[in-house]
Amino acid sequence: MIRIRRVGRKPDPYIPTATMADIVFLLIIFFIVTYNIEVDKAKVQLPRTTVRTDVPRDAAYVSVDTEGIIRVSSGKETSVPVSAVEEVQTFAQNVVAQTPDKPFVVKADKNTRFQIIDKVLDALKQARVRTIFLLSEQRTVSDKT
Amino acid sequence: MKLERRKVPPEIFTGSMADVTFLLIIYFMVTMAFSATKGLDFAVPKEETTQVQLEREEAVEVKVTPQGTYLVDGRPLALSQFADYLKGKVVPGKLIEGKPVIEKPVILRPDPQAPYGAMMDAFDELRQIKDKLGLARDLNISLPTQREIENLWGALGAL
């Protein structure tokens, strides 16, 4: 029996990684497109609704947490707490003076008493805010008890 | 003896590029906010600076009690009963593109001590009435603030 021996150099083991970069770049593009900077990091339990419309990306935020702490953000920087509802009006007036059509988002905990929300809404109305969004989460079948 | 130099095949090393892009992905994943970006919208009616003509108009009043229950025109109703009640407010004989309409405005008045979530549930239900009853247009829902109500009562009292 003749033993055939392979002549020549053994090829180096090689894993082609060029396509991996393509996939990773695609993922990066996805993240860049869908990236959304969370301007308000207040932890709230949002109310759940069936009707929901998209909040514009550049909207200003007013958040009210369970302890009644109000935070405001013009939509570009992280929200900061304010000491009184009156400050919300002043803040909103400044924002509206720069951008009259600026939409405002009210992000409030569902267990907050309406009294404080009423004051926030009133401050926004007095500041001539034209569109207000009340932030909510999607209502699901399990919510309908 | 002539030594032959072995040719190295031309190659762009892409292994480290994947590392860099993976790092970028991790950064985006960690800092990405999976926050709620949807909600109930309402256009704020423009405040008229000129004198307005006030009329006593019959409206449907939805009150939210501190316990989170609802009173529609004074009657205790569950959210699921709103549609049936509002069916009675359809303008008889009036059709727009073959669909009925409710012209009466709906005023949502939560008690100051009512939970915000209960108000949102009522608001959400009222926004769905158009589809539930097959109406030609959305209900005219207003959410006046306490100050606006006091101003309105003052103005109506002066009439």
Side-chain angles (χ1 to χ4, degrees), chain A residues 9 15-18 20-21 23-25 27-28 30-32 34-41 45-55 57 64 103 105-119 121-126 128-139, chain B residues 6 11-25 27-29 31-47 64 66 68 79-80 109-121 123-128 130-131 138 143-149:
Chain A
R9 214 169 145 259
I15 302 167
T17 52
M20 190 164 76
I23 295 163
V24 172
F25 265 117
L27 279 170
I28 281 193
F30 165 76
F31 277 111
I32 290 171
T34 59
Y35 195 68
N36 196 17
I37 300 161
E38 193 179 26
V39 289
D40 185 78
K41 289 183 170 64
Q45 217 182 333
L46 288 173
R48 291 175 181 267
T49 61
T50 307
V51 180
R52 292 169 86 220
T53 45
D54 280 317
V55 170
R57 269 187 147 189
V64 185
V105 177
V106 175
K107 176 185 172 184
D109 193 281
K110 67 178 183 181
N111 297 313
T112 312
R113 298 289 125 192
F114 186 72
Q115 194 170 30
I116 193 158
I117 310 292
D118 181 77
K119 285 177 181 168
L121 290 176
D122 196 51
L124 296 180
K125 283 180 177 182
Q126 288 201 70
R128 302 271 194 272
V129 172
R130 290 176 191 168
T131 315
I132 301 172
F133 289 86
L134 305 172
L135 206 65
S136 65
E137 279 179 1
Q138 184 64 55
R139 184 188 289 270
Chain B
R6 208 172 138 253
E11 189 199 359
I12 301 168
F13 187 66
T14 52
S16 55
M17 191 165 77
D19 293 346
V20 174
T21 45
F22 262 121
L23 273 178
L24 278 169
I25 280 195
Y27 166 75
F28 278 113
M29 279 173 78
T31 58
M32 183 139 169
F34 290 98
S35 56
T37 52
K38 286 183 179 185
L40 274 173
D41 63 309
F42 70 96
V44 181
K46 284 178 188 167
E47 279 194 28
V64 186
L79 280 176
S80 55
R109 283 190 61 190
D111 187 276
Q113 293 307 311
Y116 171 62
M119 183 285 279
M120 284 292 277
D121 287 343
F123 197 6
D124 185 38
E125 184 65 27
L126 291 169
R127 287 287 296 270
Q128 292 177 65
K130 184 197 169 197
D131 293 330
D138 273 316
L143 180 64
T145 62
Q146 201 61 36
R147 181 189 61 87
E148 287 173 331
I149 292 165

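Side chains are part of it too, since the values below use all heavy atoms of this structure and drop only hydrogens, waters and symmetry mates. Fair warning: this is a prediction, and the values are worked out from it, not measured in the lab. In what follows, every chain begins at residue 1, and chains take the letters A, B, ... in the order their sequences are listed.
No other option in A/D109, A/T112, A/I28, A/L121 has as many heavy-atom pairs under 4.5 Å with chain B as A/I28. Note: B/P110 leads B/G68, B/P110, B/S80 in heavy-atom pairs under 4.5 Å with chain A. The most heavy-atom pairs under 4.5 Å with chain B, out of A/T53, A/I116, A/V105, A/N111, come from A/T53.
Within the 4.5 angstrom heavy-atom criterion, only side-chain atoms of A/I117, from C-beta onward, approach chain B. Neither the backbone nor the side chain of B/L79 comes within contact range of chain A; no heavy atom of the residue lies under 4.5 Å from a heavy atom of that chain. Heavy atoms closer than 4.5 Å to chain A are found in both the backbone and the side chain of B/M120.
Closest approach of B/G117 to A/P47, counting heavy atoms only: CA-CB, 4.2 Å. What you find for A/R113 and B/P66 is that their closest heavy atoms are NH1-O, 3.7 Å. Across all non-hydrogen atoms, the minimal contact from A/F114 to B/L143 is CZ-CD1, 4.2 Å.
Taking CD1 of B/I149 as the start and CG of A/D122 as the end, the distance is 10.0 Å to the nearest 0.5 Å. Atom CZ of A/F30 sits about 10.5 Å away from atom CD1 of B/I25, to the nearest 0.5 Å. To the nearest 0.5 angstrom, B/R147 atom CZ is 8.5 Å from A/K125 atom NZ. If you take CZ on A/R52 and CZ on B/R127, they are separated by 13.0 Å, rounding to the nearest 0.5 Å.
Taking a cutoff of 4.0 Å between a charged side-chain nitrogen and a carboxylate oxygen, A/R139 and B/D121 qualify as a salt bridge.
In terms of modelled atom types and a separation under 3.5 Å, the side chain of B/D41 and the main chain of A/F133 share no donor-acceptor contact. Judged by distance alone, the side chain of A/D118 and the main-chain N or O of B/Q146 form a donor-acceptor pair under 3.5 Å.
At least one side-chain heavy atom of B/Y116 sits under 4.5 Å from a side-chain heavy atom of A/L134.
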